[in-house]
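We use all heavy atoms of the structure for the numbers below, so side chains are in, but hydrogens, waters and symmetry mates are not. A, B, ... follow the sequence lines: proteins, then strands. Residue 1 opens every chain.
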Amino acid sequence: MPPLLTEIPAPHFNLLLTLESGQTFHWHPHGAGWVGTIGDRPVFIEQRKNSLWISKGADPLVKHYFALDHPLEKIYETFPKDPNMAAALDFCSGITVMQQPVWECLATFITSSMKQVAHIRQMSLAIRKTFGEPIVYPGFELHSYPTPERLAAATEQQLRDCKLGFRAKNLLGTARMIASGEIDLEAIRFMDDEAALAELCKLPGVGEKVANCVLLFAYGRLRAFPIDVWIERVLREMYFKGKRKVTVEKLKRFSSEYFGPYGGYAQQYLFHHARKTYRSTSNS
DNA sequence: CTCCAGGTTCCGG
DNA sequence: CCGGAACATGGA
């Protein structure tokens with residue numbers, strides 16, 4: 001076990017569920033905990049009951065990254081009271097919507113289109129290893145996520161070698177627009193949700209779904225509601241069963257109202273619940 | 001082998 | 001405006 005750990009309180013938080021909920025893709029199991037990077041720092045983190053034991057000095061980073069200040073109990077009170085939401089909450093209680101570095105989150109979700117979580121992880125780790133800076137942690141080869149400038153200087157073929165396929169062109173194009181200053185990720189912080197969404201969608205490979213993931217997982221816009229294949233399935237089966245001609249537009253309008261001010265939380269819980277229970281309950 | 005995966009973009013009607 | 005197809009790759 002790593003030396004020099006600090007204990008910080010984390011009531012209501014569930015580290016295992018949060019790391020497995022498809023928000024981030026680069027953490028490695030280590031002993032009873034995990035090793036990974038937050039920004040350019042190596043961090044060990046392990047949960048014991050209502051506490052986290054983390055690398056000494058990493059408190060501020062960990063608290064922010066895992067959003068330990070989110071008032072989960074109050075957030076749950078805002079969820080709609082229906083059987084589907086109740087089942088998802090029961091299954092996912094303790095998951096936080098994380099606050100990841102913006103560029104890292106954006107780049108990772110650009111590579112996520114039409115990919116399973118396991119594949120996203122492979123691509124993410126390959127990009128880090130190929131282009132990122134080595135980060136020292138005994139027993140692991142950690143790397144930072146490469147900057148937009150670093151990826152902007154890469155070739156499309158180098159990115160394809162990281163198994164990105166057609167996504168390589170999108171990630172490269174986005175990295176170049178950000179490195180050149182054409183799009184300013186920091187300026188987006190000060191925009192309202194609608195303007196921020198539109199700005200992100202100017203980037204190649206970024207549509208509404210990816211943009212909403214970035215708004216939710218990196219910009220802390222907890223109302224953002226990404227609709228992917230899983231959520232679309234859940235919405236149609238749970239809330240529009242048997243209805244004809246339910247357009248995606250209809251689903252968007254419904255979910256933006258129905259799930260309330262913490263719609264992004266509701267979405268994340270519905271997503272994780274559906275993904276983990278689909279095969280075992282729907283058919284076999 | 002076939003199907004599908006935390007989509008986006010472009011094209012024809 | 002709309003539905004459909006192309007786009008790469010690898011688990012299940």
K.L.:
We want to know whether A:Asp82 and A:Tyr258 form a side-chain donor-acceptor pair, criterion being a heavy-atom distance below 3.5 angstrom.
P.N.:
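A:Tyr258 and A:Asp82 do have a side-chain donor-acceptor pair below 3.5 Å.
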
K.L.:
Between A:Arg167 and C:dC7, does any side-chain N or O lie under 4.0 Å from OP1 or OP2?
P.N.:
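Indeed not, no polar side-chain atom of A:Arg167 lies that close.
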
K.L.:
Are the aromatic ring centres of A:Tyr219 and A:Phe190 under 6.0 angstrom apart?
P.N.:
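No, too far apart.
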
K.L.:
Begin from the C-alpha positions of A:Leu52 and A:Leu68 and carry the test side-chain contact (heavy atoms from CB on, under 4.5 Å) through to its verdict.
P.N.:
CA-CA 11 Å; A:Leu52 295 176; A:Leu68 299 183; 3.8 Å; yes

K.L.:
Determine whether A:Phe131 and A:Tyr145 satisfy the following criterion, side-chain contact (heavy atoms from CB on, under 4.5 Å), listing intermediate values before the conclusion.
P.N.:
CA-CA 8 Å; A:Phe131 302 103; A:Tyr145 201 91; over 6 Å; no

K.L.:
Checking A:Val43 against A:Tyr65 for the side-chain contact (heavy atoms from CB on, under 4.5 Å) test, could you report, in this order, the C-alpha distance in whole Å, the side-chain angles of both residues, the deciding distance, and whether it holds?
P.N.:
CA-CA 11 Å; A:Val43 173; A:Tyr65 185 73; over 6 Å; no

K.L.:
Taking only the P atom of each, what is the distance from C:dA8 to B:dC11 in whole angstrom?
P.N.:
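Comparing P positions in C:dA8 and B:dC11 gives a spacing of 15 Å.
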
K.L.:
What is the separation between atom NZ on A:Lys169 and atom P on C:dT9, rounded to the nearest whole Å?
P.N.:
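Result: 13 Å.
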
K.L.:
What's the CZ-P distance between A:Arg275 and C:dG11, to the nearest Å?
P.N.:
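Going from CZ in A:Arg275 over to P in C:dG11 covers 15 Å.
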
K.L.:
Rounded to whole Å, how long is the line connecting atom CG of A:Leu159 with atom P of C:dA8?
P.N.:
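Atom-to-atom, A:Leu159 to C:dA8, this comes out as 13 Å.
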
K.L.:
So if I define the base as every atom that isn't primed, P, OP1 or OP2, how would nucleotides 7-13 of chain B read as a B/S/- string at a heavy-atom cutoff under 4.0 Å?
P.N.:
BSS----

K.L.:
With sugar-phosphate meaning primed atoms plus P, OP1 and OP2, does A:Glu249 contact a base, only sugar-phosphate, or nothing at under 4.0 Å between heavy atoms?
P.N.:
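It contacts nothing in the nucleic acid.
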
K.L.:
What is the distance, to the nearest angstrom, from the CZ atom on A:Arg233 to the P atom on B:dC3?
P.N.:
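Distance check: A:Arg233 CZ to B:dC3 P gives 16 Å.
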
K.L.:
Between A:His28 and A:Phe140, how do the two ring planes meet: parallel, tilted or perpendicular, split at 30° and 60°?
P.N.:
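Correct class here is tilted.
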
K.L.:
Check whether any side-chain N or O of A:Gln116 sits under 4.0 Å from OP1 or OP2 of C:dT9, and answer yes or no.
P.N.:
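Negative; the distance criterion is not met.
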
K.L.:
Does the cation-pi check pass for A:Arg233 over A:Tyr278, that is, NZ or CZ under 6.0 Å from the six-membered ring centre and within 45° of its axis?
P.N.:
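Judged by the rule, A:Arg233 and A:Tyr278 form a cation-pi pair.
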
K.L.:
Look at all strands and tell whether A:Phe25 reaches a base, only sugar-phosphate, or nothing, counting heavy atoms closer than 4.0 Å.
P.N.:
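No contact.
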
K.L.:
Without decimals, in angstroms, what is the distance between A:Phe271 CZ and B:dA5 P?
P.N.:
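Distance check: A:Phe271 CZ to B:dA5 P gives 11 Å.
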
K.L.:
Between P on B:dA5 and CD on A:Gln122, what's the gap in Å once rounded to a whole number?
P.N.:
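The distance from CD of A:Gln122 to P of B:dA5 comes to 17 Å, rounded to the nearest Å.
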
K.L.:
Under 4.0 Å between any heavy atoms, over every strand shown, what does A:Arg121 touch: base, sugar-phosphate, or nothing? Just pick one.
P.N.:
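It contacts nothing in the nucleic acid.
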
K.L.:
Rounding to an integer number of Å, can you tell me how far A:Ile120 CD1 sits from C:dG11 C1'?
P.N.:
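To the nearest whole Å, that distance equals 13 Å.
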
K.L.:
For A:Thr247, which contact category applies under a 4.0 Å heavy-atom criterion: base, sugar-phosphate, or nothing?
P.N.:
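Answer is nothing: A:Thr247 stays at 4.0 Å or more from every strand.
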
K.L.:
Whole-Å distance between B:dA5 C1' and A:Lys163 NZ?
P.N.:
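Value for this atom pair: 18 Å.
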
